[in-house]
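None of the values given here were measured: they were computed from a predicted structure.
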Amino acid sequence: MRWTRYFINTLREVPADADVVSQRLMMRAGMIRKVAAGIYTYLPLGLRSIRKLEAIVREEMNRAGAVELLMPAIQPAELWMESGRWQKYGKELLRIKDRHDRDFIFGPTHEEVITDTVRDGVSSYRQLPVNLYQIQTKFRDEVRPRFGLMRGREFIMKDSYSFHTSRESLDETYESMRIAYSAIFNRCALDHVPVEADTGNIGGSASHEFMVLAQSGEDAVVSCPSCRYGANIEKATSKFFDADTQPGAIEELAPIHTPGTKTIDDVGRFLGKPTSQLVKTLVFQTENGAVMALVRGDREGSEIKIKNHLGVNMLEMLGDADFESSTGGPIGYCGPVGTKCLRVLADASLKGRANWVVGGNKVDTHLSGANPGRDFPEPEFGDFTVVFAGDPCPRCGTELQIHRGIEVGHVFKLGTKYSESMNCVYLDEKGERQPMIMGCYGLGIGRTVASAIEQSHDDDGIIWPMPIAPFEVVVTSVGKDEAVVKMATELYEKLLAAGVDVLFDDRDERPGVKFKDADLIGFPLRIAVGAKSLANGHVEWSLRKDRVKQLLSPEEALAKTIEAAIAN
RNA sequence: CGGGGUGUAGCGCAGUCUGGUAGCGCACCUGCUUUGGGAGCAGGGGGUCGGAGGUUCGAAUCCUCUCGCCCCGACCA
């Protein structure tokens, strides 16, 4: 491809609304163009990288035994009503009506359609397992789209769904998908880590996310530096020891006058005790009513963990308005003794501890010597707190670390959630109807490309990993000298003939402009042809990643380029 | 959904307070000079100032409504 015949528009200035590096560079390099919030055009250069990644994904999916199909972006509401997600999915579901006023949605994911497809096409255990995938544009009406391709409302995703007759079979496919995902990210030279994850809106029993570690990541990843433990902070646990707490003698329940101590820090200061020895009370509103969660004073409650434990759809901090009527105590002095809350949860770090200091459900009053089982009903113990950096690893006890990460892939064991609600069954060897056991596997295409840029760039532009670079090589002619143009054209044509993905910068521009553009777009290899070096029989060969220039004969440059390009 | 900000040429911005009919840089076109890391000079094209309504002799500027976009929070694949 010749630059002058292509469609590239690089920007010297950064668009004002781009705030992460991948978005800035993709916009400046002319790869994407914003059309509306979270909605982008993939310009020719950007589309090339997307297509290259898609090809890699197809290869690895096919290798893993998955079979490609393509489902519609638009889906009838009935399927979503059947699975129950028409109500549950919320405002992110982009809903539309057709001319007959019938309800449809733009698909954010395809569990419903694939389940409908498979229940129709599979009736015997002999046809299972099957693993189907597609690469397609998804729609999620995000509350706050941002960061370019990182969080769009319209985005390209690879999604696969597998159907099985047994847990073991699901485990096998799940494992093969995890291997395929790692292979894909490795081929893109992405520094990634698989971690345990919450299942969120999709549901199911187990799930892992593939995280690319990057400062701009929107997720927090907890990892252990010595064993392989890694988890999204939503899911992460720690082996949390409470060394300070010895059961000791059981005290009597006694009120303490604690005027003006609304926060846990106030109480700690007032009583002269570290907050770790106090109990913090959190109250949430759910669709079933108010719920209380008790955590150690120096820890933070995890809404996701609490929500999962309760099995509710809605969980939010209880507002001021109906606080007292729901809990029986004022804000700041709320506690488990005599509470009106329906359920009381307590973090595992409190288990076995005696003589709790808790809110007294009366203004300016706390209670000491509160003992579960005696002074208030035994709470439901569980892991309800957020892991902090430095907490002991749940597996080996080493201090955990927390990093920012970008979620580029997510695999789930769905079990029978959709097959049961949607009656997706097969006949087993005995002729009995059984729900299929399902798995699903998502991979964000645009997000992966953006992540590659997040991980690999410098002040001048993108440094592409060769496999997803829009072009592998740029041939830059420097000046209009006849011999230069002739040599550059010849090199370009030979590279083309050798099957190398090459762009010929044949523009009538000053060298500085061409080099700056080449660095910005980030072609992994560059051959520059200029009059001075050509007079000595040389062209200049360099890699984008180190920009070390080598003077080579045209033949050597050609051979080296072909070797480097074909190598991947 | 709450809070804050912003909308003027393809991109980055000034002009708005104090009303007088739109400007700068980049990009683009023409010419000359230049030519190995975003050239110089000269000339030129391009904007219903987000939209609607109002006030006024006159509105980018003041008022009302509305829409888009951005940030923080809440929420969430």
- request: Compare side-chain N and O positions of A/Arg12 against OP1 and OP2 of B/A27 and report whether any pair is under 4.0 Å apart.
  value: yes
- prompt: How long is the line joining CG of A/Asn9 and C1' of B/C26, in whole Å?
  reply: 12 Å
query: Checking all strands, does A/Gly409 fall into the base, sugar-phosphate, or nothing category for heavy-atom contacts under 4.0 angstrom?
result: base
Pair partner, B/C41 [Watson-Crick or wobble, under 3.5 Å]: B/G31
field: Short side-chain donor-acceptor distance under 3.5 Å, A/Gln23 and A/Tyr40
entry: yes
task: Determine the Euclidean distance between corresponding P atoms of B/C11 and B/G5; express it in Å to zero decimal places.
output: 24 Å
- prompt: Which nucleotide in the set B/C76, B/G38, B/C69 lies at the smallest distance from any side-chain heavy atom of A/Asp17?
  reply: B/C69
query: Just how far, in rounded Å, is C1' of B/A27 from CZ of A/Arg510?
result: 16 Å
query: If you check the A/Ala36 side chain, which of B/G12, B/C69, B/A39 turns out closest?
result: B/C69
- prompt: Expressed as a whole number of Å, how far does the P atom of B/G50 sit from that of B/G12?
  reply: 14 Å
statement: note: A/Glu509, atom CD; B/C29, atom C1'; distance rounded to Å ~ 13 Å
task: Could you check whether A/Glu303 gets within reach of a base, just the sugar-phosphate, or nothing at all, counting any heavy atom under 4.0 Å?
output: sugar-phosphate
message: In whole Å, I'd like the distance from the CG atom of A/Asp460 to the C1' atom of B/G38.
response: 11 Å
- request: Please tell me which of the listed nucleotides, B/U35, B/G25, B/C76, lies nearest to the side chain of A/Arg151?
  value: B/C76
message: Once you apply a heavy-atom cut-off of 4.0 Å, does A/Gly530 come out as touching a base, just sugar-phosphate, or nothing?
response: base
query: Quick one: which of B/C26, B/C76, B/C70 gets closest to the side chain of A/Lys307?
result: B/C76
query: What is the distance, rounded to the nearest whole Å, between atom CZ of A/Arg85 and atom C1' of B/C76?
result: 14 Å
query: Would one find a side-chain N or O of A/Arg144 under 4.0 angstrom from OP1 or OP2 of B/C72?
result: yes
task: In whole angstrom, give me the gap between the C1' atoms of B/G3 and B/G45.
output: 44 Å
- request: Identify the nucleotide, in any strand shown, that forms a Watson-Crick or G-U wobble pair with B/G10, with both distances under 3.5 Å; if there is none, say none.
  value: B/C26
- prompt: Given the P atoms of B/C65 and B/G4, what is the spacing between them in whole Å?
  reply: 15 Å
- prompt: Considering every strand shown, what is the Watson-Crick or G-U wobble mate of B/A60 when both distances are under 3.5 Å?
  reply: none
- prompt: Would A/Asp458 and A/Lys545 pass as an ion pair if we require N to O under 4.0 Å?
  reply: no
query: Given B/C70, is OP1 or OP2 found less than 4.0 Å from the side-chain N or O atoms of A/Lys34?
result: yes
- prompt: Judged by atom type as modelled, is there a donor-acceptor pair below 3.5 Å linking the side chain of A/Asp116 to the main-chain atoms of A/Glu112?
  reply: no
field: Side chain to side chain, A/Phe523 and A/Val473, heavy atoms closer than 4.5 Å
entry: no
P gap between B/C69 and B/U64, integer Å: 23 Å
Atom-pair distance (CG on A/Asp508; C1' on B/C28), nearest Å: 15 Å
task: For A/Lys549, report the nucleic acid contact type (base, sugar-phosphate, nothing); a contact means any heavy atom under 4.0 Å.
output: base
message: Regarding A/Arg28, tell me which of base, sugar-phosphate or nothing describes its non-hydrogen contacts under 4.0 Å with the strands shown.
response: base
task: Before accepting this row, confirm whether a basic side-chain N of the pair A/Arg5/A/Asp506 lies closer than 4.0 Å to the acidic partner's carboxylate O.
output: no
- prompt: Starting at the 5' end of RNA chain B, which residue's closest nucleotide do you reach first, A/Ala531 or A/Pro145?
  reply: A/Ala531
Nearest-Å distance once atom C1' is located in both B/C67 and B/C49: 16 Å
query: Would you call A/Glu490-A/Lys494 a salt bridge at under 4.0 Å N-O?
result: yes
- request: Identify the nucleotide, in any strand shown, that forms a Watson-Crick or G-U wobble pair with B/C1, with both distances under 3.5 Å; if there is none, say none.
  value: B/G73
statement: Looking only at B/C69, B/C11, B/U35, the nucleotide nearest the A/Arg153 side chain is B/C69
- prompt: Can you tell me how far P in B/C63 sits from the matching atom in B/G7, rounded to whole Å?
  reply: 15 Å
statement: Whole-Å distance, A/Tyr89 OH to B/C75 P, equals 17 Å
query: Between A/Arg447 and A/Arg526, which is nearer to the 5' end of RNA chain B once each is assigned its nearest nucleotide?
result: A/Arg526
task: Scan side-chain atoms only and decide if A/Asn308 and A/Asp198 contain a donor-acceptor pair under the 3.5 Å cut-off.
output: yes
query: How far, in whole Å, is B/A9 from B/A14 if one measures between their P atoms?
result: 12 Å
message: Distance check needed: B/G12 C1' versus A/Met27 CE, whole Å only.
response: 13 Å
- prompt: Do A/Glu209 and A/Ser207 get their side chains close enough for a donor-acceptor pair, meaning under 3.5 Å?
  reply: no
task: Identify which nucleotide among B/G37, B/G38, B/C13 has an atom closest to any side-chain atom of A/Ala16, counting heavy atoms from C-beta outward.
output: B/C13
